[in-house]
Amino acid sequence: MDERIEKWCYDIKIAIEEIESYFIESGYDFYEYKLNNMKKRATERNLEIIGEALNRIIKKEENYLEKITDAKAIIGLRNQVIHVYDNISDENIWSILINHLPKLKKEINNLLD
């Protein structure tokens with residue numbers, strides 16, 4: 001693996017771990033998340049980092065599209081969070097956290113192993 005791609009994979013891994021750390025004390029409680037602006041913004045920032053790192057990986061080597069499920073959707077989310085921030089719903093972000101982030105974590109860990 002190219003060392004830049006490895007670095008970006010670690011950026012994704014660290015961002016996922018940071019998101020997970022926000023829920024250690026409270027657990028994954030949507031209503032608590034929805035009321036906590038700091039947690040929401042920190043989560044969104046880490047999703048931006050994940051999307052940007054993945055975008056760089058794909059630009060460097062397109063074959064990673066096959067290795068990371070929903071890579072284009074993840075990059076698209078990053079673009080939405082940054083450019084269309086006023087249309088991002090808490091429910092959509094929550095769905096990503098619960099349904100998609102665990103899969104991405106496994107795929108990134110597999111790439112780094």
Side-chain angles (χ1 to χ4, degrees):
M1 175 184 295
D2 178 278
E3 61 185 50
R4 285 176 288 185
I5 290 177
E6 183 178 15
K7 186 257 188 234
W8 295 324
C9 284
Y10 274 106
D11 289 344
I12 293 170
K13 179 182 173 77
I14 290 166
I16 292 170
E17 289 171 354
E18 280 187 25
I19 291 170
E20 291 173 335
S21 75
Y22 306 149
F23 298 94
I24 290 173
E25 289 182 27
S26 65
Y28 284 86
D29 178 342
F30 174 70
Y31 297 104
E32 187 275 334
Y33 168 79
K34 192 170 179 149
L35 296 172
N36 188 327
N37 275 338
M38 189 180 335
K39 187 180 286 190
K40 289 191 319 186
R41 297 302 173 253
T43 298
E44 290 168 4
R45 174 66 180 140
N46 276 295
L47 291 172
E48 290 172 12
I49 290 168
I50 290 167
E52 181 61 24
L54 188 52
N55 190 41
R56 291 177 183 189
I57 290 168
I58 300 306
K59 282 183 178 177
K60 179 92 171 107
E61 286 191 37
E62 258 187 50
N63 68 335
Y64 279 87
L65 279 171
E66 300 166 6
K67 299 176 183 181
I68 300 174
T69 307
D70 300 323
K72 288 186 178 185
I74 295 166
I75 294 166
L77 172 70
R78 173 248 179 228
N79 293 335
Q80 280 189 316
V81 171
I82 290 175
H83 300 293
V84 195
Y85 62 88
D86 56 343
N87 268 348
I88 299 296
S89 76
D90 294 334
E91 291 79 9
N92 286 344
I93 297 295
W94 189 256
S95 176
I96 290 161
L97 295 180
I98 301 303
N99 299 313
H100 302 287
L101 214 57
K103 184 190 298 185
L104 178 61
K105 181 180 179 179
K106 285 180 189 174
E107 291 173 344
I108 291 298
N109 284 335
N110 287 340
L111 288 173
L112 289 170
D113 286 342

Exercise. Got more than 12 heavy atoms from elsewhere within 6.0 Å of CD, Glu91?
Worked result: yes

For this session: Kindly indicate whether the side chain of Ile50, heavy atoms from C-beta on, has any atom under 4.5 Å from the side chain of Leu77.
Result: no

Seminar exercise, completed: To the nearest 0.5 Å, atom CD1 of Ile93 lies from atom CD1 of Ile88 at 5.5 Å

Exercise. Rounded to the nearest 0.5 Å, how far apart are CD1 of Ile19 and CD of Glu44?
Worked result: 10.0 Å

For this session: Looking only at non-hydrogen atoms, find the nearest pair between Asp90 and Phe30 and report the distance.
Result: O-CE1, 3.8 Å

Exercise. Please walk me through it: do Lys103 and Glu107 pass salt bridge (charged side-chain N to carboxylate O under 4.0 Å, His left out)?
Worked result: CA-CA 6 Å; Lys103 184 190 298 185; Glu107 291 173 344; 5.9 Å; no

For this session: Output the distance between atom CG (Leu111) and atom NZ (Lys13), rounded to the nearest 0.5 Å.
Result: 11.5 Å

Exercise. Should Thr43 and Lys39 be marked as a side chain to side chain contact (heavy atoms under 4.5 Å, CB included) after you check the CA-CA gap, both sets of side-chain angles, and the distance that decides it?
Worked result: CA-CA 6 Å; Thr43 298; Lys39 187 180 286 190; 4.3 Å; yes

Exercise. Any side-chain heavy atom of Met1 within less than 4.5 Å of one from Tyr64?
Worked result: yes

Exercise. Once the angle between the rings of Phe23 and Tyr28 is folded into 0 to 90°, is it parallel (under 30°), tilted (30 to 60°) or perpendicular (over 60°)?
Worked result: parallel

Exercise. Is it true that Tyr33 and Tyr31 fall in one hydrophobic cluster, defined by side-chain heavy atoms closer than 4.5 Å?
Worked result: yes

Seminar exercise, completed: d(Leu97 CG, Ile16 CD1) to nearest 0.5 Å is 10.5 Å

Problem set entry | CD1-CG distance between Ile74 and Leu104, expressed to the nearest 0.5 angstrom | 4.5 Å

Problem set entry | Exam field: side chain Asp70 to backbone Ala73, donor-acceptor pair closer than 3.5 Å | no

For this session: Could you pull out the closest heavy-atom pair between Gly51 and Arg78, with the gap in Å?
Result: CA-CB, 3.6 Å

Problem set entry | Which residues share a side chain to side chain donor-acceptor pair (under 3.5 Å) with Ser95, sequence neighbours left out | Asn99

For this session: For Lys60, enumerate each residue passing the side chain to side chain donor-acceptor pair (under 3.5 Å) test, keeping only those at least two apart in sequence or located in another chain.
Result: none

For this session: Can you establish whether the number of heavy atoms outside Lys72 located under 6.0 Å from its atom NZ is more than 12?
Result: no

Exercise. Taking a hydrophobic cluster as the set of Ile, Leu, Val, Met, Phe, Trp and Tyr residues connected by side-chain heavy atoms closer than 4.5 Å, whether directly or through intermediates, do Tyr22 and Leu101 fall within one such cluster?
Worked result: yes

Exercise. Would you say Ile49 and Ile68 are hydrophobically clustered, going by side-chain heavy atoms of ILVMFWY under 4.5 Å?
Worked result: no

Exercise. What side chain to side chain donor-acceptor pair (under 3.5 Å) pairs are there with at least one residue in residues 2-11, not counting sequence neighbours?
Worked result: Lys7-Asp11

Exercise. For the atom pair CZ (Arg41) and CG (Asn36), what is the distance rounded to the nearest 0.5 Å?
Worked result: 10.0 Å

For this session: Might you point out which heavy atoms bring Leu112 and Cys9 nearest each other, and give the distance in Å?
Result: CD2-CB, 3.7 Å

